Amino acid sequence: MTIVGVPAGWPATEEEARAVQDELRGRVVLDEPGPPPGAGRVTGVDVAYDDDLDLVAAAAVVLDAATLDVIAEATAVGRVSFPYVPGLLAFREIPAVLAALDRLPGPPGLVVCDGYGLAHPRRFGLASHLGVLTDLPVIGVAKNPFTFTYDDPGPARGGSAPLMAGAEEVGRALRTRDGVKPVFVSVGHRVSLPGALAHTLALTPRFRLPETTRRADALCRRALREAVLSAAARRPAGGGQAPSTRQAPTS
DNA sequence: GCGACAG
DNA sequence: ATCTTGTCGC
């Protein structure tokens with residue numbers, strides 16, 4: 001199995017990463033409504049990690065937007081490309097996600113990712129970054145409010161309230177199921193906020209989280225397990241093979 | 001300065 | 001994200 005390396009020139013420090021965000025931020029497109037919900041394709045992307053083995057596994061799962069049936073899926077396993085730093089999540093996830101998207105047999109349509117887009121300290125979260133690099137329509141659906149504030153939406157599915165960064169609305173807290181904690185939706189690239197909300201509701205007929213993220217989450221965990229197992233199998237230590245009897249290094 | 005902080 | 005047992009409910 002091929003292991004995706006860290007791209008040449010990938011930021012190595014937080015300063016470099018922030019500079020990249022500042023440079024790419026201007027390429028985000030916010031004046032397009034995006035594809036209509038409930039038609040065409042919707043693709044979920046997600047990533048799982050094994051920090052000990054320095055492995056990251058990404059998955060992309062394409063659904064028929066009308067039926068939510070799986071049309072296609074792809075995975076990629078790579079080297080961890082950046083530590084987790086709040087505000088710099090994209091640098092940790094994007095190389096593997098791009099590799100998984102590349103391996104899809106057809107076009108992804110709208111992409112839904114875990115995390116944020118516009119709702120970001122520098123207004124350039126994962127969903128925006130992925131959108132700029134692929135020019136695909138992308139939205140972000142996060143499970144936590146990050147540093148933002150919001151008033152509780154109405155208790156019924158469909159209720160929403162502004163997600164605020166100070167006095168600026170950067171997304172919405174959206175109740176996708178009656179009486180269940182909201183999710184946090186923000187625009188990534190080439191999709192309007194109402195469009196992002198409509199897509200999120202279309203993807204949550206049964207569960208709090210979009211069907212896209214659920215499928216992608218399950219697939220990337222599976223891919224990571226298999227990568228960890230095959231890595232262990234290639235080494236004597238935990239792979240069930242005879243222990244190595246090498247000479248201790250003489251200093 | 002300290003704490004909080006998507007995944 | 002990930003580490004983790006049992007438990008409540010459809």
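Below, read A as the first sequence line, B as the second, and so on, with proteins coming before strands; counting in each chain starts at 1. The structure presented is a predicted model; accordingly, all values stated were derived computationally and were not measured.
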Do any N or O atoms of the protein come closer than 3.5 Å to N or O atoms of nucleotides 1-10 of chain C, and which pairs are they?
residue: dA1(C); atom: OP2; partner: K143(A); partner atom: NZ; Å: 3.1
residue: dT2(C); atom: OP1; partner: Y49(A); partner atom: N; Å: 3.3

| task | For the residue pair F91(A) and H129(A), categorise the inter-ring angle as parallel (less than 30°), tilted (30 to 60°) or perpendicular (more than 60°). | result |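 Perpendicular.
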| Are the ring centres of F146(A) and H120(A) closer than 6.0 Å? |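 Aromatic pair excluded; centres sit 6.0 Å or further apart.
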| message | Between W10(A) and F82(A), is the ring centroid distance below 6.0 Å? | response |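 Centroid distance W10(A)-F82(A): not below 6.0 Å, so no.
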| Cut-off 3.5 Å, side chains only: do Y84(A) and E93(A) have a donor facing an acceptor? |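 Result is no, nothing qualifies.
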| message | A side-chain contact here means heavy atoms from C-beta on lying under 4.5 Å apart; do T204(A) and R157(A) qualify? | response |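 The answer is yes, as the side chains (C-beta and beyond) meet within the 4.5 Å cut-off.
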| Can we say R18(A) and D22(A) salt-bridge, meaning some charged N sits less than 4.0 Å from an Asp/Glu carboxylate O? |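 The answer is no: the pair does not qualify as a salt bridge.
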| Nucleotide interval of DNA chain B bounded by contacts with chain A (heavy-atom cut-off, under 4.0 Å) |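 With heavy atoms of chain A under 4.0 Å away, the range is dC5(B) to dG7(B).
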| query | How is G87(A) classified with respect to the nucleic acid when contacts are heavy atoms under 4.0 Å: base, sugar-phosphate, or nothing? | reply |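 It contacts base atoms.
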| message | Within the 4.0 Å heavy-atom criterion, would you say L88(A) contacts the bases, only the backbone, or no part of the nucleic acid? | response |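 Base contact - L88(A) has a heavy atom under 4.0 Å of at least one base atom.
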| Tell me, what's DNA chain B's dot-bracket, Watson-Crick or G-U with both distances under 3.5 Å, | for other-strand, [ ] crossing? | .......
Hey, could you give me the [atom1]/[atom2] distance between [X] and [Y], rounded to the nearest 0.5 Å?
X	Y	atom1	atom2	answer
L30(A)	L193(A)	CG	CG	10.5 Å
L110(A)	H189(A)	CG	NE2	11.5 Å
R190(A)	D135(A)	CZ	CG	4.5 Å

| L136(A) and its side chain to side chain contact (heavy atoms under 4.5 Å, CB included) partner, picked from L133(A), V132(A), T134(A) |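 With L136(A) as partner, L133(A), V132(A), T134(A) yield a single side chain to side chain contact (heavy atoms under 4.5 Å, CB included), made by T134(A).
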